[in-house]
Enquirer: 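Below: one structure in structure tokens.
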Amino acid sequence: MNHSMFTAVLLGAICVLFKAQAHIDIHVVACQTNDTAPEDEKQQDGEEMFYADFKNNEIIYTIPEFADKFTYPDWMAFAQGEHGTCIHNLNVAVQAEKDPPEEIDPPQSTIYSMEEVELGKSNSLICFVNNFFPPPVKVKWTKNNVEVKDGVTLSRYYPNPDLTFQQFSTLSITPQEGDVYSCSVEHMGLPDPLTRIWEPESNNESDMAETAFCGIGLTLGLLGVGVGTFFLIKGNNCN
């Protein structure tokens, strides 16, 4: 049996003296017995700061451009050492527990557009897959029941505080009326693929005209009620 993942999470509270505010500093290390897809990531207050790209042997900084810049020139060597320790500890744990069955958490998914939808205008769909363990998941896109591979991206895995993972896939689209898109997720914890459907909804000119017409009608109706009430009061005063 292939035991997939051992994750070590180190938590430390850092006090900011002038603001008297606590921050949570998180270091995530993950590895598999088959020595594939290792993970080494640094977070602060739930926001990723950087991670180790083991394939290209470099550190990838993911903080926003407006944030203060920082570097950890020796972190890649440190991450390599942590990965070796993770593999050793995982093998020891598997032997000590006599090859225990692996816990499996099936994923949840949702699909939504990146920007407000306008028919005929380029956009992107996002399929967000969350709360699964262990990796991997497989994501498949379709348009009008035909599989789509062009314009598809798949992010790396991101750890959650409960030691499950999240991942997202994007699809570049130019939505047209009548299009139907789907995102299907496969995982060892699912008996069948988990599929979400998305159809474009946009306010076209007729909808806007109808909305404007209804608004004008409502305004005139309220105005009529106000005028009628005015004359009714004046008539009562005359009597």
Enquirer: The test is side chain to side chain contact (heavy atoms under 4.5 Å, CB included); show your working for Val137 and Phe132 and say whether it passes.
Expert: CA-CA 8 Å; Val137 294; Phe132 62 89; 3.7 Å; yes
Enquirer: Shared ILVMFWY cluster between Trp198 and Ile126, side chains joined below 4.5 angstrom?
Expert: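 Different hydrophobic clusters.
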Enquirer: Over all heavy atoms of both residues, which pair between Glu201 and Val117 is shortest? Give the atoms and the distance, please.
Expert: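 Looks like O-CB, 3.7 Å.
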Enquirer: Rounded at 0.5 Å granularity, tell me how far SG in Cys86 sits from CG in Asn91.
Expert: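 Reported to 0.5 Å precision, the distance equals 9.5 Å.
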Enquirer: Show which side-chain atoms of residues 53-60 pair as donor or acceptor with protein atoms under 3.5 Å away, not counting sequence neighbours.
Expert:
unit_1 : atom_1 : unit_2 : atom_2 : d
Asp53  : OD1    : Lys55  : N      : 3.1
Asp53  : OD1    : Asn56  : N      : 3.2
Asp53  : OD2    : Asn56  : ND2    : 2.9
Asn57  : OD1    : Gln80  : NE2    : 3.3

Enquirer: Please report the interatomic distance NE2(His187) to CZ(Phe133), rounded to the nearest 0.5 Å.
Expert: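 Reported value, rounded in 0.5 Å steps: 8.5 Å.
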Enquirer: Taking ring pair (Phe, Tyr, Trp, His ring centres under 6.0 Å) as the test, write out the residues that go with Trp141, two or more places apart.
Expert: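 For Trp141, no residue satisfies ring pair (Phe, Tyr, Trp, His ring centres under 6.0 Å) once neighbours in sequence are set aside.
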Enquirer: Give, for atom CG of Asn130 and atom CD of Gln108, the distance between the pair rounded to the nearest 0.5 Å.
Expert: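 Between Asn130 CG and Gln108 CD, I get 6.5 Å after rounding to 0.5 Å.
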Enquirer: Would you indicate whether the side-chain heavy atoms of Pro193 and Lys138 approach each other to under 4.5 Å?
Expert: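 Contact flag for Lys138/Pro193 side chains = no.
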Enquirer: Does Leu154 reach the side chain of Val139, with side-chain heavy atoms less than 4.5 Å apart?
Expert: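 The answer is yes, as the side chains (C-beta and beyond) meet within the 4.5 Å cut-off.
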Enquirer: With disulfide (SG to SG under 2.5 Å) as the rule and sequence neighbours excluded, what pairs involving residues 104-189 come up?
Expert: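 Qualifying pairs, neighbours excluded: Cys127-Cys183.
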Enquirer: Supply the atom-to-atom distance Ser172 OG to Asn123 CG, rounded to the nearest 0.5 angstrom.
Expert: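 Spacing of OG (Ser172) from CG (Asn123) equals 9.0 Å.
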Enquirer: Does Gln176 have any side chain to side chain contact (heavy atoms under 4.5 Å, CB included) partners at least two apart in sequence or in another chain, and if so, which?
Expert: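 Counting only residues at least two positions away or on another chain, Gln176 forms a side chain to side chain contact (heavy atoms under 4.5 Å, CB included) with Thr174, Asp179.
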Enquirer: From Ser124 OG over to Leu171 CG, what is the distance, rounded to the nearest 0.5 angstrom?
Expert: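 Interatomic distance, Ser124 OG to Leu171 CG, rounded to 0.5 Å: 7.5 Å.
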Enquirer: Indicate yes or no: at least one non-hydrogen side-chain atom of Glu82 is less than 4.5 angstrom from one of Asp40.
Expert: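 In contact.
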Enquirer: Taking only residues two or more places apart in sequence or in another chain, which ones pass side-chain hydrogen bond (donor to acceptor under 3.5 Å, both in side chains) with Thr164?
Expert: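 With neighbours one apart ignored, the set is Asn160, Asp162.
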Enquirer: For Gly189 and Ile104, which heavy atoms make the closest approach, and how far apart are they?
Expert: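 Nearest heavy atoms, Gly189 then Ile104: CA-CG2, 3.4 Å.
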Enquirer: Among Lys143, Glu199, Arg196, exactly one meets side-chain contact (heavy atoms from CB on, under 4.5 Å) together with Tyr181. Which residue is that?
Expert: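 Answer after filtering Lys143, Glu199, Arg196: Lys143.
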Enquirer: What about Ile173 and Ile111, same hydrophobic cluster or not, with Ile/Leu/Val/Met/Phe/Trp/Tyr joined at side-chain heavy-atom distances under 4.5 Å?
Expert: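 Linked within one cluster.
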Enquirer: Quick one: list whatever passes side chain to side chain contact (heavy atoms under 4.5 Å, CB included) with Ser155, sequence neighbours left out.
Expert: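 In terms of side chain to side chain contact (heavy atoms under 4.5 Å, CB included), with neighbours along the sequence ignored, Ser155 is linked to Tyr158, Gln167, Phe168.
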Enquirer: Just to verify, what does Phe50 make a ring pair (Phe, Tyr, Trp, His ring centres under 6.0 Å) with, not counting sequence neighbours?
Expert: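 Partners of Phe50 by the ring pair (Phe, Tyr, Trp, His ring centres under 6.0 Å) criterion, ordered by chain and then number, come out as Tyr61, Tyr72, Trp75.
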Enquirer: Assess, by modelled atom type and distance only, whether the side chains of Thr142 and Ser182 contain a donor and an acceptor separated by less than 3.5 Å.
Expert: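 Checked: Thr142/Ser182 side chains pair up, N/O donor to acceptor below 3.5 Å.
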Enquirer: Taking the side chain as C-beta and beyond, is there a heavy-atom pair between Leu190 and Pro107 under 4.5 Å?
Expert: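 They are in side-chain contact.
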Enquirer: Can you list every pair that meets ring pair (Phe, Tyr, Trp, His ring centres under 6.0 Å) and has a residue in residues 84-128, with sequence neighbours left out?
Expert: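 Matches after skipping sequence neighbours: none remain.
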Enquirer: Excluding sequence neighbours, so at least two apart, what forms side-chain hydrogen bond (donor to acceptor under 3.5 Å, both in side chains) with His83?
Expert: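 Once residues adjacent in sequence are excluded, the partners of His83 under the side-chain hydrogen bond (donor to acceptor under 3.5 Å, both in side chains) criterion are Asp35.
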Enquirer: What residues, two or more places apart in sequence or in another chain, satisfy side chain to side chain contact (heavy atoms under 4.5 Å, CB included) together with Glu147?
Expert: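 Glu147: side chain to side chain contact (heavy atoms under 4.5 Å, CB included) contacts with Lys140, Lys149.
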Enquirer: Got Leu119 and Pro200 here, is their nearest side-chain heavy-atom distance under 4.5 Å?
Expert: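 Side chain of Leu119 against side chain of Pro200, heavy atoms only: contact under 4.5 Å found.
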Enquirer: Linking Ile, Leu, Val, Met, Phe, Trp and Tyr through side-chain heavy atoms less than 4.5 Å apart, which residues share a cluster with Val180?
Expert: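 Cluster partners of Val180: Ile197.
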Enquirer: Restricting to salt bridge (charged side-chain N to carboxylate O under 4.0 Å, His left out), what partner residues turn up for Lys42, sequence neighbours left out?
Expert: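 With sequence neighbours excluded, Lys42 shows a salt bridge (charged side-chain N to carboxylate O under 4.0 Å, His left out) to Asp25, given in chain and number order.
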Enquirer: Is the backbone of Pro73 close enough, under 3.5 Å, to the side chain of Thr71 for a donor and an acceptor to pair up by distance?
Expert: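 Judged by distance alone, no pair lies under 3.5 Å.
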Enquirer: A side-chain contact here means heavy atoms from C-beta on lying under 4.5 Å apart; do Pro159 and Gln43 qualify?
Expert: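 The answer is yes; the side chains approach within 4.5 Å.
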Enquirer: When rounded to the nearest 0.5 angstrom, what is the spacing between CG in Leu194 and OG in Ser184?
Expert: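 If I round to the nearest 0.5 Å, the distance is 8.0 Å.
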